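Each remark here refers to the structure printed beneath this line.
First the proteins, then the strands, lettered A, B, ... as listed; each starts at 1. Treat the numbers as computed from the prediction; the structure is a model and nothing was measured. Atom set for the values below is all heavy atoms of this structure, side chains included, hydrogens, waters and symmetry mates excluded.
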Protein chains: 2
Amino acid sequence: MIIARDTLVDALVARLRDDVLSGRYPPGAYLPSERELAAEYGVTRTSLKHALSRLGQLGLVETKHGVGTRVLDYLSSGGPELLPMLVVANGPDWLEEIFQTRREIGALVYAHAARRRRPEHCADLRTLHGAVAAAETADDAQLAECEIHRVLAAASGNRVYGFLVNSLLNAYLPVRQLLIAPFRDPGRAAERLTPLIDAVCAGEAEEAHAAATRYLAETERLMLGGEDR
Amino acid sequence: MIIARDTLVDALVARLRDDVLSGRYPPGAYLPSERELAAEYGVTRTSLKHALSRLGQLGLVETKHGVGTRVLDYLSSGGPELLPMLVVANGPDWLEEIFQTRREIGALVYAHAARRRRPEHCADLRTLHGAVAAAETADDAQLAECEIHRVLAAASGNRVYGFLVNSLLNAYLPVRQLLIAPFRDPGRAAERLTPLIDAVCAGEAEEAHAAATRYLAETERLMLGGEDR
DNA sequence: GATGGCTCAGTGGATGAGCCACTCATCCAG
DNA sequence: CTGGATGAGTGGCTCATCCACTGAGCCATC
């Protein structure tokens, strides 16, 4: 286990992010001046600026010289990089939409993977599939399955799809402990993966599309508390 | 036209980003120490740190206290927020993959839009469609068309799809001048949109899917220099 | 010889005072 | 009524300085 103690700026970012997401500073509103905020949180203006700068990069706020820092309408203009943050703050609100996206994009991308996979992708998939089956903890199985999704996305031959899948994984990883049910029995988790991996390695695009849809829907059901068998 | 002069930190971010993308600092390599970099660029360490912090938020580098700042393997682990940057640096390399993604995700999302659109979405679509037709410049037509994509994504009822579409638009906007051909004749641009918008407003999901695919493929062809008619 | 603790050089983290540049509302002179 | 000057308030940026962390190497100990 890695102990990654947060830095002061990380804590500030988290705090300001919460203040924005909770509605304390709604979209369109101006934040207090940097000098005021720094005083309120008991930090230097320099540190506060670092935090604001990162929120700006995230697309949550916009700073204008001589004017101030304004909260943006991130729900309208934001990108998927906001998902991890939003999921941590309001997980249940987002589950359904993320699952739908995962299911539909997954089917699309994994069908491409079946068409364009190369031998090394298949080798990686087999290795990871084995790692899921042999995992000693649910945690290991879950992480190995994530890598499978990455390899499948890479096999699609479209790097943009790789980015999209990474986005969804990034939203999933911070809350994965809550969605670990499908991996409690690693052996069965691996069995569920078999049809998808076989279809992709065999180059059967139609079948991969169907298998992906089935697999993703089934794991969702289990994540949401359905019984396994 | 808005004159948004770059700030020093913006320039630093751009410079460091180029140094990373150009391979001067390949993934896995450590950047020189902050003190050295600050001296090299003739700026304060404070400003340099602001730039590095933003690159970190972007997922391009990772900084560890007491160790240094390392370039990440952004092609493997990054998200779509990297696209604007990558497109500006190596546009042609990415065009094909972005177009494929736009076409396939667009068809998927706009089919959902046909199923779930609400009256206000249709009203917005009609207004924007009119704005494209009446645009006095290709520029205005292009921007209005972008808004149409945003409204369509919103109409899908899935905010995650909205984020994905925003990502693609963000990658497109910085280079849109190079891809403005389809909007040289705003009237014809609006004509091309008609089947898609009609299908969505009529709630015909299958037809919306097909119309979206046709529309997106046709505009791509024109963007890449095909003749219009 | 292997172990465990120490030191030290180098790195990033954070501070706080200070000055500069920009924006906007206001006011006043023409 | 117009146009320019003013000033308060904002963020941009610098500087000098200190703190905290890491890792390599040394060395006494076992």
Side-chain angles (χ1 to χ4, degrees), chain A residues 1-17 19-20 24-74, chain B residues 1-17 19-20 24-74:
Chain A
M1 195 57 184
I2 300 169
I3 317 168
R5 284 169 39 270
D6 266 12
T7 192
L8 172 64
V9 173
D10 287 334
L12 269 178
V13 167
R15 174 64 189 273
L16 285 164
R17 180 237 292 148
D19 282 348
V20 166
R24 177 174 175 188
Y25 304 120
Y30 277 88
L31 265 54
S33 79
E34 295 185 348
R35 288 168 178 84
E36 281 179 54
L37 276 178
E40 176 181 341
Y41 296 141
V43 300
T44 309
R45 205 180 132 213
T46 315
S47 303
L48 186 94
K49 283 178 78 65
H50 271 101
L52 288 179
S53 150
R54 281 177 46 183
L55 289 178
Q57 185 70 55
L58 252 181
L60 221 54
V61 302
E62 182 188 48
T63 294
K64 277 214 288 259
H65 192 178
V67 182
T69 301
R70 201 164 47 94
V71 178
L72 294 178
D73 182 7
Y74 47 90
Chain B
M1 196 56 185
I2 299 169
I3 317 169
R5 283 171 37 272
D6 266 11
T7 190
L8 172 64
V9 174
D10 288 334
L12 271 178
V13 168
R15 175 64 188 274
L16 286 165
R17 180 237 294 147
D19 282 347
V20 167
R24 177 175 175 190
Y25 304 120
Y30 277 88
L31 266 53
S33 80
E34 296 186 348
R35 289 166 177 86
E36 283 178 52
L37 276 177
E40 176 181 341
Y41 297 141
V43 300
T44 309
R45 209 182 128 210
T46 314
S47 302
L48 185 92
K49 283 177 77 65
H50 271 100
L52 288 180
S53 150
R54 280 178 49 184
L55 289 178
Q57 184 70 54
L58 251 181
L60 220 54
V61 302
E62 182 188 47
T63 294
K64 277 214 288 260
H65 191 176
V67 182
T69 301
R70 200 165 48 94
V71 178
L72 294 177
D73 181 9
Y74 47 91

- Does anything in residues 34-59 of chain A reach DNA chain C, meaning a heavy atom under 4.0 Å, and if so which residues? A/Arg35, A/Thr44, A/Arg45, A/Thr46, A/Ser47
- Task: Measure the shortest side-chain to side-chain distance between A/Leu37 and A/Glu40 over non-hydrogen atoms and say whether it is less than 4.5 angstrom.
- Result: yes
- Rounded to whole Å, CD of B/Glu62 lies from C1' of D/dC21 at a distance of 15 Å
- Task: Please name all residues satisfying salt bridge (Lys or Arg N to Asp or Glu O under 4.0 Å) with B/Glu62, sequence neighbours left out, ordered by chain then number.
- Result: B/Arg70
- Taking CG from A/Asp10 and P from C/dG12, how many angstroms apart are they, rounded to a whole number? 16 Å
- Query: Taking DNA chain D as the partner, which of residues 63-72 of chain B come within under 4.0 angstrom of it by heavy atom?
  - Reply: B/His65, B/Gly66, B/Val67
- Item | Residues that A/Tyr41 engages under side chain to side chain donor-acceptor pair (under 3.5 Å), provided they are two or more places apart | A/Asp19
- Note on the structure: Between A/Tyr74 and A/Gly59, the two heavy atoms sitting closest are CB-O, 4.1 Å
- Message: Is it the case that the side chain of A/Thr7 and the backbone of A/Asp10 share a donor-acceptor pair, with hydrogens and angles ignored and the cut-off at 3.5 Å?
- Response: no
- Note on the structure: Contacts of A/Ser53 meeting side-chain contact (heavy atoms from CB on, under 4.5 Å) (sequence neighbours excluded), chain-then-number -> B/His50, B/Arg54
- Residue list, side chain to side chain donor-acceptor pair (under 3.5 Å) with A/Arg45, at least two apart or on another chain: A/Glu34
- Gap between atoms CG and P, on B/Leu8 and C/dC20 respectively (whole Å): 17 Å
- Item | Shortest non-hydrogen contact from B/Ser47 toward B/Leu8 | OG-CD2, 4.1 Å
- To the nearest angstrom, how far is A/Leu12 atom CG from C/dG13 atom C1'? 13 Å
